[in-house]
Amino acid sequence: MSRLADHFYNEFHTNFALQGLMNDAQQRLIEALKAVLPAANLLWKREDTAPYECDGLAAYRQLPLAVALPETEAQVQEVLRLCLAHAIPVVPRGAGTGLSGGAMPMAEGIVLSTAKMNRILDIDPLSRRARLQPGVRNLAISEAAAPFDLYYAPDPSSQIACSIGGNVAENSGGVHCLKYGLTVNNVIKVRAVLMGGDIVEFGTDGLDAPGLDLLGVMIGSEGMLAVVTEVTVRLVPKPPVARVIMASFDDMTKAGNAVADVIAAGLIPAGLEMMDKPATRAVEEFVHAGYDLDAEAILLCESDGTAEEVAEEIERMSSVLRQSGATRIQVSDSEAERMVFWSGRKNAFPAAGRISPDYYCMDGTIPKKHIATLLNQIKEMEGRYGLRCMNVFHAGDGNMHPLILFDGSDQDQWHRAENFGNEILEACVALGGTVTGEHGVGIEKINTMCVQFNAEERDAFFGVKAAFDPARLLNPDKAIPTLHRCAEYGRMHVHHGQMPHADLPRF
Ligand SMILES: Cc1cc2nc3c(=O)[nH]c(=O)nc-3n(C[C@H](O)[C@H](O)[C@H](O)COP(=O)(O)OP(=O)(O)OC[C@H]3O[C@@H](n4cnc5c(N)ncnc54)[C@H](O)[C@@H]3O)c2cc1C
């Protein structure tokens with residue numbers, strides 16, 4: 001630590017402590033962290049910790065006690081050991097792009113950010129594997145693998161920023177996941193540190209591992225079980241050719257059914273995405289890609305493989321889409337045109353940001369045959385809540401992303417948006433689906449978990465958490481609702497109109 005840094009460090013810490021803002025345990029923890037982390041890797045001033053007060057779900061904010069930015073696995077071990085010894089909760093954080101509040105801090109806890117653990121440790125083109133530190137950006141993996149004609153298939157729309165550690169914790173998906181699988185299907189090994197500082201490793205370099213599938217338990221565990229410090233992923237060959245069909249429909253129900261028809265025909269597109277009319281209009285104004293503005297819905301259906309495979313598949317896909325009622329079909333003729341067709345879908349979130357001060361992105365999953373039913377229910381809810389909603393989503397997975405448009409400066413609008421979102425998620429469960437497709441539960445969907453799972457199932461989740469984190473200090477109060485919370489949520493249903501997350505700090 002430089003002398004100047006040391007000076008500011010001590011000065012602030014003393015002031016902070018003098019103001020009585022930290023209790024004894026917190027003060028002792030900060031002192032102890034100073035001994036194991038370089039000065040630049042521990043933040044505690046308000047202006048330094050402010051960027052960490054929320055993730056992509058910016059409606060809820062909370063300043064943490066401090067932010068630790070370890071650079072090595074050994075430092076992660078030290079930080080966790082100290083937090084356990086001082087009974088201080090820890091919220092792991094990757095890039096903070098999560099949309100369910102999973103990385104939102106706790107006032108009395110620290111944020112453990114992996115931003116400085118961002119090295120690609122190894123790319124092995126022969127075994128088609130990459131070994132990565134947790135802070136490596138998703139897109140950086142494919143960029144590093146590109147010289148070997150390989151890439152990492154799971155492609156969240158946030159891939160330019162989100163980290164592989166965050167992807168593992170959320171079991172993230174993307175356009176390519178219909179054909180190539182989610183994170184869980186593309187990660188073969190995870191190394192992580194438990195709250196007590198012990199290192200655990202799950203998965204093997206082989207196809208199967210003996211024992212219980214704890215790799216599957218780790219993936220999607222939302223930072224509640226261990227801090228991921230190394231991830232080994234599978235790389236896949238870049239397909240030589242990819243072409244995409246843009247199909248217009250004059251009716252939402254026909255478009256929803258077309259998705260089910262494509263899959264039922266035995267086709268597995270490399271991407272099958274849908275946009276409704278409000279979404280198409282918003283993105284067209286933004287990217288000017290030539291989308292059909294008269295269409296009630298647009299489907300983007302991609303094929304990849306060799307030129308012969310793609311030609312045959314595009315023919316079959318077009319035929320199914322026509323039979324399902326497509327009014328117009330365009331097929332990309334060049335890579336440039338393919339990128340233009342996708343540009344609207346890829347820019348849907350910023351396009352929503354252009355037409356509304358705020359938007360709230362939901363993430364439920366339903367059986368594909370019910371897509372049209374849910375979209376029609378959402379239309380009805382729009383009228384009831386007095387808010388607009390645009391839909392742009394991974395249709396092939398039945399993973400819906402309704403974007404509820406609202407103005408966050410008006411608390412009543414936000415209140416309505418929250419209730420609207422909750423009702424959509426409950427409708428997903430009623431249709432045989434789930435409250436999350438890829439964004440995780442975090443704090444956002446913790447109430448609707450009460451609708452999805454009964455008390456015994458929730459107890460089983462707590463049992464797994466306790467096996468990894470008996471002190472309940474790793475990202476507590478996220479993802480699994482307590483009995484008490486579910487009772488409160490039940491009462492809220494009786495007294496309509498209450499805030500679904502009345503207990504959370506907000507903007
Ligand atoms: C514009 C936009 C588009 C998006 N599109 C998609 C999409 O298409 N598909 C998709 O799946 N998601 C999408 N997301 C959501 C988000 O990008 C993903 O959930 C992503 O995986 C989060 O990664 P992160 O590094 O930002 O994690 P964070 O937001 O920092 O953390 C997410 C969760 O992971 C935990 N965590 C992070 N790192 C670790 C670690 N090393 N060990 C243990 N736990 C950890 C945190 O505690 C938290 O619970 C989108 C988000 C935005 C803003």
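The model shown is predicted, which means the values in this text are computed figures rather than measured ones. Read the numbers this way: they start at 1 and go in the same order the structure lists the ligands and their atoms.
- At the shortest separation from atom 16 (C) of ligand 1 among protein heavy atoms lies Thr97 OG1, 3.3 Å.
- Not one N or O on the side chain of Lys478 forms a donor-acceptor pair closer than 3.5 Å with the backbone of Ile443.
- The nearest protein atom to atom 47 (O) of ligand 1, hydrogens excluded, is given as Pro92 O, 2.7 Å; this is a heavy-atom distance.
- Under 4.0 angstrom from ligand 1, the non-hydrogen atoms of Glu170 all belong to its side chain.
- Of the candidates Lys346, Met117, Glu438, Glu222, Glu438 brings a heavy atom nearest to atom 7 (C) of ligand 1.
- Comparing Gly437, Ser158, Gly98 against atom 4 (C) of ligand 1, the shortest heavy-atom distance belongs to Ser158.
- In this structure, the side chains of Glu302 and Arg338 come closer than 4.5 Å at one or more pairs of heavy atoms.
- The local environment of CG in Leu121 is crowded, with over 12 non-hydrogen atoms from other residues, nucleotides or ligands closer than 6.0 Å.
- The nearest non-hydrogen atom to atom 34 (O) of ligand 1, considering only Gly442, Ala169, Gly223, comes from Ala169.
- Scanning the protein heavy atoms around atom 24 (P) of ligand 1, the nearest turns out to be Ala95 N, 3.5 Å.
- Of all protein heavy atoms, the one lying nearest to atom 8 (O) of ligand 1 is Ser157 N, 2.9 Å.
- Counting non-hydrogen atoms of other residues, nucleotides and ligands closer than 6.0 Å to NZ of Lys116 gives a total above 12.
- Every atom of ligand 1 is numbered from 1 in the order shown, and the set under 4.0 Å from a heavy atom of Phe349 is 1 (C), 2 (C), 3 (C).
- A donor atom on one side chain and an acceptor atom on the other are not found under 3.5 Å apart for Glu337 and Ser332.
- Judged purely by distance below 3.5 Å, without hydrogens or angles, the side chains of Asn399 and Asp363 pair a donor atom with an acceptor atom.
- Side-chain contact between Asp358 and Trp414 is absent, with no heavy atoms from C-beta onward closer than 4.5 Å.
- For atom 25 (O) of ligand 1, the closest heavy atom belonging to the protein is Ser163 OG, 2.6 Å.
- Numbered from 1 in the order shown, with element, the atoms of ligand 1 that lie under 4.0 Å from a heavy atom of Arg93 read 30 (O), 37 (C), 38 (N).
- Between atom CD of residue Gln452 and atom CD of residue Glu426 there is a gap of 11.0 Å, rounded to the nearest 0.5 Å.
- Assignment of Gly56 to the shell around ligand 1 is not supported, since no heavy atom sits closer than 4.0 Å.
- Only side-chain heavy atoms of Thr114 come within less than 4.0 Å of ligand 1; its backbone N, CA, C and O stay farther off.
- Of all protein heavy atoms, the one lying nearest to atom 31 (O) of ligand 1 is Ala103 CB, 4.0 Å.
- Within the listing of ligand 1, atoms 20 (C), 21 (O) sit less than 4.0 angstrom from a heavy atom of Asn167.
- Contacts with ligand 1 closer than 4.0 Å are made by backbone heavy atoms (N, CA, C, O) of Ala226 only, the side chain lying farther away.
- At a heavy-atom cutoff of 4.0 Å, ligand 1 is contacted by the side chain of His439 but not by its backbone.
- Atom numbering of ligand 1 starts at 1 in the shown order; those under 4.0 Å from a heavy atom of Asn475 are 47 (O), 49 (O).
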Apply the test side chain to side chain donor-acceptor pair (under 3.5 Å) to residues Glu273 and Trp342: give CA-CA distance (whole Å), side-chain angles for both, the deciding distance (0.1 Å), then the verdict. CA-CA 10 Å; Glu273 304 281 307; Trp342 276 117; over 6 Å; no
For side chain to side chain donor-acceptor pair (under 3.5 Å), just list the numbers for Asp55 and Tyr60, CA-CA rounded to whole Å, side-chain angles, deciding distance to a tenth of an Å, and then say yes or no. CA-CA 9 Å; Asp55 59 8; Tyr60 307 112; over 6 Å; no
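- Counted by atom type alone, His401 and Glu438 present one or more donor-acceptor pairs between their side chains at under 3.5 Å.
- Looking at Val168 against ligand 1, nothing comes within 4.0 Å, counting heavy atoms.
- Atom numbering of ligand 1 starts at 1 in the shown order; those under 4.0 Å from a heavy atom of Gly94 are 25 (O), 28 (P), 30 (O), 37 (C), 38 (N).
- Every atom of ligand 1 is numbered from 1 in the order shown, and the set under 4.0 Å from a heavy atom of Gly96 is 24 (P), 26 (O), 28 (P), 29 (O), 30 (O).
- A donor-acceptor contact under 3.5 angstrom links the side chains of Asn447 and Arg485, judged on distance only.
- The pair Lys179-Asp304 counts as a salt bridge, with a side-chain nitrogen and a carboxylate oxygen less than 4.0 angstrom apart.
- Aromatic ring centres of Phe453 and Phe461 lie closer together than 6.0 Å.
- Atoms of ligand 1 lying under 4.0 Å from any heavy atom of Ser172, numbered from 1 in the order shown and given with element: 11 (O), 18 (C), 19 (O), 20 (C), 21 (O).
- Tyr152 and Asn167 share no side-chain donor-acceptor pair at under 3.5 Å.
- Each of the following atoms of ligand 1 lies closer than 4.0 Å to a heavy atom of Gly102: 47 (O), 48 (C), 49 (O).
- Scanning the protein heavy atoms around atom 27 (O) of ligand 1, the nearest turns out to be Gly166 CA, 3.5 Å.
- Only the side chain of Pro134 comes within contact range of ligand 1, with a heavy atom under 4.0 Å; no backbone atom does.
- Scanning the protein heavy atoms around atom 41 (N) of ligand 1, the nearest turns out to be Val228 O, 3.1 Å.
- Put simply, the side chain of Leu474 reaches to within 4.5 Å of the side chain of Val90, judged on heavy atoms.
- Ligand 1 has an N or O atom lying under 3.5 Å from an N or O atom of Gly173, backbone or side chain.
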